[in-house]
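Have a look at the structure below before the remarks.
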Amino acid sequence: MDFKQAIIEGIPDYLPEVQEYDLSVSHAPKRKEILTTDQKKLALKNALRYFDPKFHAVLAKEFAEELEKYGRIYMYRYRPTYEMYARPIEEYPAKCEQAAAIMLMIQNNLDPAVAQHPHELITYGGNGAVFQNWAQYRLAMKYLSEMTDEQTLVMYSGHPMGLFPSHKDAPRVVVTNGMVIPNYSKPDDWERFNALGVSQYGQMTAGSYMYIGPQGIVHGTTITVLNAGRKLSKNSDLGGRLFVTAGLGGMSGAQPKAGNIAGVVSITAEINPAATDKRHSQGWVDEVYSDLDLLMARVQKARENKEVVSFAYQGNVVDLWEYMVEHNIQVDLGSDQTSLHNPWAGGYYPVGLTFEESQKMMAEDPEQFKEKVQESLRRHVAAVNKLSERGMYFFDYGNAFLLESSRAGADIMKADGTFRYPSYVQDIMGPMCFDYGFGPFRWVCTSGKAEDLDTSDRIAMEVLEEIANNSPEEIQQQMHDNITWIKGAKENQLVVGSQARILYADAEGRTKIAAAFNQAIKEGRISAPIVLGRDHHDVSGTDSPFRETSNIYDGSSFTADMAVHNCIGDSFRGATWVSIHNGGGVGWGEVINGGFGMVIDGSDDADRRLRSMLFWDVNNGISRRSWARNEGAMFAIKRAMEVEPKLKVTMPNIAEDSLIDSLF
């Protein structure tokens, strides 16, 4: 059976051969034992719903064994035997070009070169899933192959509820992930609902089919490292500066590449050898060491020579931090990007245990594992505090490091009850980028051709250079950094998986770049449609009080109106698909986030849709940030109203502090 036939087949009307458990790929750890006996029975009944009763006797036993062994029912038997990667768009069986583009994006999220645990359908972050099981994947792809442009596929946390009649301007797919009742949104609730097969953690771009590998965050990480360095010195040359952090698994894998682009010496600790090997083989980290003495000797030489080089430490990050304290090593910049949104299920590995010992304990003795994690966090923070006292600038990278450290009783709080260290959004990304409308715009060339990506890079650079000529002083630094980024994008070898690009841009930049792409497709300079999108980690897409909205101080950072409105607004302004998720970045129950995908094909209709939707997608968030009295956002939304007379945003009046203080 060829690839197209396999897609069209969906869930086969026969039992596929059982496949061997492939030890050559990274697998998710065993999940904790959380279901009662009655709930295990329910999980099996739920899983068997996808299959003809004639197969139930065989599959029930098999799925029960999976649930016992892995804590989940992945339906490994139904994992496709064809190679998983983003094919050129014309290779997909589809009645609708938009549906073919979505199939391409789904397969990219599950490509073993891209995904963290591909056989468990997990793209990044330890638990960021595209689907809960392989039956859902097969059924979703079948529906997409049958879809017309007058139907919409409805996705409930990985489950394809079905194709419903709609119209050409409606989204082709609407995705929800983890949308549980708020009082049932604790980590153990996720464990339970996911084990039952009724909900999933979609992270941000995993469950919304918009992940593009570690490139997806490397531009933002580069901006963060550059501007963190500027806080140490106005000299933009970071040569010889040392940046220390942790995490090479998914999004965190961007850190060493970002360090190189920013011009620093970097060390990234990673406990999982498979993750380290993967990033090293892909060229995302330069050198790997497991001996701290050898590593530090090499680092010292690199600093003296002002080399631009990235190192991976194969080991526990706490050992690294404590070594640097003990040996009085000066660290300039520090952060952490372990998956602490998922601390008890493989997101953080405690010091003193091997990788394998941790995986065993988290499944068999979760309470002891939790104690070990929290003990490790207390040591982690103690070492960071000592280095910060010696002059290191440390920032939380939005992974719940500060939050989980505080819950562990670490010395992470100031006397006034706030965190010792800023979130990178508070100090850098929020005031410098999000308030002005700059965020992680991205695109994917569906032809799969590198030359189409090269053409798109040139177009984007030309558009930004033209915009920069007339940009106000307030955003000149952002424009300069973004132009520098796109000029060096190909040289920095960022592509993993699909032919994709990330580029921070504001509403004007995104719209003009997208319109120029659409024109290039129309003229044949780009050979196939382009998928537009963004990270949910953006101006408007995410309400997250410990990350994306951490620089909003009017008390609304714990509300989620912005992200929900963004998804709804995108859906009727031209998005090809939309998504809204509970969880992502800082954890289940801690954030609401959403995103979109838009296929542009060179048509006048695509031009209409992109202009309408991209304007809203950015300015919704600027408006909210402006109402919170953020100066950059107030400036940006006034500019937007000057450009678009139909836009009328409520502006805040500023009360004098002296007046308010006099009343209390």
Side-chain angles (χ1 to χ4, degrees), residues 214-215 217-246 254-268 283-287 295-313 324 328-337 384 387-395 397 421-422 424-433 436 438 440 457 461 464-465 468 471 473-494 502-505:
Q215 180 188 177
I217 198 169
V218 72
H219 190 186
T221 306
T222 303
I223 290 170
T224 301
V225 174
L226 279 172
N227 286 289
R230 288 165 182 160
K231 287 183 175 292
L232 296 175
S233 170
K234 292 185 178 179
N235 181 358
S236 59
D237 180 10
L238 300 183
R241 297 282 194 179
L242 178 60
F243 171 47
V244 176
T245 184
Q255 294 178 108
K257 177 75 78 171
N260 283 5
I261 296 170
V264 300
V265 177
S266 70
I267 307 173
T268 307
W284 281 71
V285 65
D286 297 322
E287 301 176 25
L295 170 60
M296 290 307 162
R298 177 70 181 91
V299 167
Q300 179 61 28
K301 181 180 178 182
R303 297 184 78 175
E304 290 172 357
N305 296 332
K306 292 191 175 183
E307 293 180 53
V308 175
V309 61
S310 57
F311 301 104
Y313 169 57
M324 291 187 291
N328 201 30
I329 294 168
Q330 177 63 40
V331 181
D332 300 295
L333 303 172
S335 190
D336 185 271
Q337 208 176 140
V384 166
L387 289 166
S388 296
E389 289 166 4
R390 299 174 189 172
M392 176 179 72
Y393 174 78
F394 185 87
F395 56 92
Y397 205 87
Y421 304 107
Y424 76 114
V425 174
Q426 274 182 295
D427 243 21
I428 297 169
M429 197 62 70
M432 291 196 62
C433 293
Y436 288 100
F438 288 90
D457 284 346
M461 182 183 67
L464 289 186
E465 287 178 333
S471 292
E473 179 64 29
E474 287 84 349
I475 61 171
Q476 280 295 318
Q477 182 67 63
Q478 293 91 322
M479 294 299 300
H480 175 267
D481 287 347
N482 296 338
I483 290 169
T484 300
W485 164 266
I486 196 65
K487 282 183 176 179
K490 183 176 182 179
E491 180 184 346
N492 288 321
Q493 299 179 343
L494 302 168
I502 182 81
L503 172 64
Y504 268 60

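This chain uses plain numbering: 1 for the first residue, then up along the sequence. These numbers come from a predicted model, not from an experiment.
- Applying the ring-ring contact (aromatic ring centres under 6.0 Å, His included) test to Y436 and every residue at least two apart in sequence or in another chain returns nothing.
- Looking at every heavy atom in both residues, I267 comes nearest to V299 through CD1-CG2, 3.7 Å.
- I329 approaches L387 most closely through the heavy-atom pair O-CD2, 3.6 Å.
- For the pair Q476 (side chain) and A468 (backbone), a donor-acceptor distance under 3.5 Å is present.
- Scanning for side chain to side chain contact (heavy atoms under 4.5 Å, CB included) contacts around M461 gives E465, I486, K487, with sequence neighbours left out.
- Under the side chain to side chain contact (heavy atoms under 4.5 Å, CB included) criterion, Q493 pairs with K257, sequence neighbours left out.
- Considering every non-hydrogen atom in both V244 and V331, the closest pair reads CG2-CG1, 3.7 Å.
- Taking the six-membered ring for Trp and thresholds of 30 and 60 degrees, F395 and F243 have nearly parallel ring planes, at less than 30 degrees apart.
- Going from atom CD1 of I261 over to atom CG of L494 covers 5.5 Å, rounded to the nearest 0.5 Å.
- Distance alone, capped at 3.5 Å, is enough to place a donor-acceptor pair between the Q478 side chain and the M432 backbone.
- R230 is linked by a salt bridge (charged side-chain N to carboxylate O under 4.0 Å, His left out) to D481, counting only residues two or more places apart in sequence or in another chain.
- Here L333 contributes atom CG and L232 contributes atom CG; the two are 5.0 Å apart, rounded to the nearest 0.5 Å.
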For this session: Assess whether side chain to side chain donor-acceptor pair (under 3.5 Å) is satisfied between Q255 and T245, documenting all intermediate values.
Result: CA-CA 8 Å; Q255 294 178 108; T245 184; 2.6 Å; yes

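- For the atom pair CH2 of W485 and CG of N492, the computed distance is 6.5 Å after rounding to the nearest 0.5 Å.
- Of all heavy-atom pairs spanning F394 and P422, the tightest one is O-CD, 3.7 Å.
- Partners of N328 under the side-chain hydrogen bond (donor to acceptor under 3.5 Å, both in side chains) rule, at least two apart in sequence or in another chain, are R390.
- Looking at residues two or more places apart in sequence or on another chain, you find a side chain to side chain contact (heavy atoms under 4.5 Å, CB included) between A312 and L248, T276, V285, V288.
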Exercise. Could you go step by step and tell me if N482 and I223 meet the side chain to side chain contact (heavy atoms under 4.5 Å, CB included) rule?
Worked result: CA-CA 9 Å; N482 296 338; I223 290 170; 4.1 Å; yes

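- Residues passing the ring-ring contact (aromatic ring centres under 6.0 Å, His included) test with Y397 are Y424, sequence neighbours excluded.
- Not counting sequence neighbours, the partners of K490 by the side chain to side chain contact (heavy atoms under 4.5 Å, CB included) test are D454.
- Applying the side-chain hydrogen bond (donor to acceptor under 3.5 Å, both in side chains) rule to S310 yields the partners D286; only residues at least two apart in sequence or on another chain are considered.
- Between I475 atom CD1 and E473 atom CD the span is 10.0 Å, to the nearest 0.5 Å.
- The two residues S388 and Y421 make their nearest non-hydrogen contact at OG-OH, 3.2 Å.
- Scanning for side-chain hydrogen bond (donor to acceptor under 3.5 Å, both in side chains) contacts around S471 gives an empty result, with sequence neighbours left out.
- Scored by the side-chain hydrogen bond (donor to acceptor under 3.5 Å, both in side chains) test, D336 finds T338, N399 as partners (sequence neighbours excluded).
- Scanning both residues, I217 and Q337, for their nearest heavy atoms gives CD1-OE1, 4.1 Å.
- The distance from the CG atom of L503 to the CG atom of L464 is 5.5 Å, given to the nearest 0.5 Å.
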Pairs under 3.5 angstrom only: tabulate donor-acceptor contacts from the side chains of residues 302-309 to other protein residues two or more places apart or in another chain.
{"unit_1": "R303", "atom_1": "NE", "unit_2": "G240", "atom_2": "O", "d": "3.2"}
{"unit_1": "R303", "atom_1": "NH1", "unit_2": "Q330", "atom_2": "O", "d": "2.5"}
{"unit_1": "R303", "atom_1": "NH2", "unit_2": "Q330", "atom_2": "O", "d": "3.3"}
{"unit_1": "R303", "atom_1": "NH2", "unit_2": "D332", "atom_2": "OD2", "d": "2.8"}
{"unit_1": "E304", "atom_1": "OE2", "unit_2": "Q300", "atom_2": "NE2", "d": "2.9"}
{"unit_1": "N305", "atom_1": "ND2", "unit_2": "K301", "atom_2": "O", "d": "3.3"}
{"unit_1": "E307", "atom_1": "OE1", "unit_2": "R298", "atom_2": "NH2", "d": "2.9"}
{"unit_1": "E307", "atom_1": "OE2", "unit_2": "R298", "atom_2": "NH1", "d": "3.1"}

